[in-house]
Novice: 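Below are the structure tokens for one structure; questions will follow.
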Amino acid sequence: MSTRDLVLSALFAAIIVALGILPPITLGFIPVPITAQSLGVMMAGVVLGARRGAIAVLIVLVLVAIGLPVLSGGRGGLAAFAAPTTGFLIGWLFAAFVTGYVAERLVKAEQSGLVQTVGFFLASVIGGIFVLYAFGIAYLAVAAGVGLQQAFVGSMAFVPGDVIKAFVAALAGRAVMVGYPLLPARA
Ligand SMILES: O=C(O)CCCC[C@@H]1SC[C@@H]2NC(=O)N[C@@H]21
């Protein structure tokens with residue numbers, strides 16, 4: 001990894017942290033809030049690709065672990081790794097990686113803007129919703145002792161907001177592709 005790659009990952013780590021300034025929205029029926037930070041996770045994947053996107057999230061997780069209040073609502077510290085939200089938090093790592101992996105393979109420089117945007121949107125949905133929820137729901141079911149079905153049904157409340165985030169991430173991915181392409185090209 002080059003210094004430039006590390007700087008780019010650090011930049012997106014900062015974006016994920018900055019999105020944490022928006023306060024979390026607590027839902028009464030599930031111990032996981034709606035937050036804007038998963039938008040940053042999707043954007044890291046679509047803009048930087050799999051490896052650098054995952055490293056951006058890794059930087060955030062290290063900051064959380066050393067106690068900095070970088071999660072929405074000013075949370076941080078090792079307690080964040082033993083909470084009902086922990087599956088989603090760890091899942092961010094895989095979400096950014098898979099989002100970037102899919103984007104690298106679906107989106108090509110020679111495609112039209114619409115096709116690129118759709119590719120980024122699909123990548124964000126696959127990584128930032130399907131993969132992320134798999135981790136989040138499985139862990140939530142165990143941590144909250146509610147069973148998989150209840151954790152799954154409760155988590156469906158996040159879908160509308162996360163689909164909007166995927167759309168915003170897709171627009172961001174496309175805009176960066178036009179102005180300053182960073183996504184690694186893959187066959
Ligand atoms: O702050 C944390 O400790 C992690 C919060 C995870 C929230 C998850 S991410 C996917 C889903 N969409 C949301 O808006 N909230 C949950």
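Ligands are counted one by one from 1 in listed order, and the atoms in each one are counted from 1 as well.
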Novice: For the residue pair F88 and F135, is the inter-centroid distance of their aromatic rings smaller than 6.0 Å?
Specialist: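 Ring centroids of F88 and F135 are no less than 6.0 Å from each other.
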
Novice: Give the single entry among F81, F158, W92 that approaches atom 9 (S) of ligand 1 most closely by any heavy atom.
Specialist: W92

Novice: Work out which heavy atom in P69 is nearest to a heavy atom in G74; give both atom names and the distance.
Specialist: CB-O, 3.2 Å

Novice: Quick one: does Q37's side chain have a donor or acceptor within less than 3.5 Å of a partner on I16's backbone?
Specialist: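 Yes, the answer is positive, given that a donor and an acceptor are paired below the 3.5 Å cut-off.
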
Novice: Do any N or O atoms from the side chain of S9 and from the backbone of R52 form a donor-acceptor pair under 3.5 angstrom?
Specialist: yes

Novice: Using a 4.0 Å cut-off to any heavy atom of I34, which atoms of ligand 1 qualify?
Specialist: 13 (C), 14 (O), 15 (N)

Novice: Of all the atoms in ligand 1, which lie at a distance below 4.0 Å from a heavy atom belonging to T35?
Specialist: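 Within the 4.0 Å cut-off of T35, ligand 1 contributes 13 (C), 14 (O), 15 (N).
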
Novice: Less than 3.5 Å between some nitrogen or oxygen of R75 and one of ligand 1, yes or no?
Specialist: yes

Novice: Could you check whether atom OH of Y139 has more than 12 heavy atoms from other residues, nucleotides or ligands sitting under 6.0 Å from it?
Specialist: yes

Novice: Evaluate the side-chain contact (heavy atoms from CB on, under 4.5 Å) criterion for residues K165 and S38: first the C-alpha distance (whole Å), next the side-chain angles of each, then the deciding distance (0.1 Å), finally the verdict.
Specialist: CA-CA 8 Å; K165 290 177 203 164; S38 51; 2.8 Å; yes

Novice: Going by the atom numbers of ligand 1, which of them fall below 4.0 Å from some non-hydrogen atom of V32?
Specialist: 7 (C), 8 (C), 16 (C)

Novice: Using a strict 4.0 Å cut-off to heavy atoms of K165, name the atoms of ligand 1 that fall inside it.
Specialist: 12 (N), 13 (C), 14 (O)

Novice: Applying the side chain to side chain donor-acceptor pair (under 3.5 Å) criterion to Q116, which one of R174, Q111, K108 satisfies it?
Specialist: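 So, applying the side chain to side chain donor-acceptor pair (under 3.5 Å) to Q116 and each of R174, Q111, K108, only R174 qualifies.
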
Novice: Any nitrogen or oxygen of Y133 lying under 3.5 Å from a nitrogen or oxygen in ligand 1? Just yes or no.
Specialist: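 There is no such contact.
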
Novice: Provide, to 0.1 Å, the distance between atom 6 (C) of ligand 1 and the closest protein heavy atom, together with that atom's residue and name.
Specialist: F88 CB, 3.6 Å

Novice: Between ligand 1 and D162, is the shortest N or O to N or O distance under 3.5 Å?
Specialist: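 Min N/O separation from ligand 1 is below 3.5 Å for D162.
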
Novice: Around F81, counting heavy atoms of other residues, nucleotides and ligands shown, do more than 12 lie under 6.0 Å from its CZ?
Specialist: yes

Novice: Please say whether P33 places an N or O atom under 3.5 Å from an N or O atom belonging to ligand 1.
Specialist: yes

Novice: Please could you name the atoms of ligand 1 that L132 approaches to less than 4.0 Å, counting only its heavy atoms?
Specialist: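 Every atom of ligand 1 under 4.0 Å from some heavy atom of L132: 9 (S), 10 (C).
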
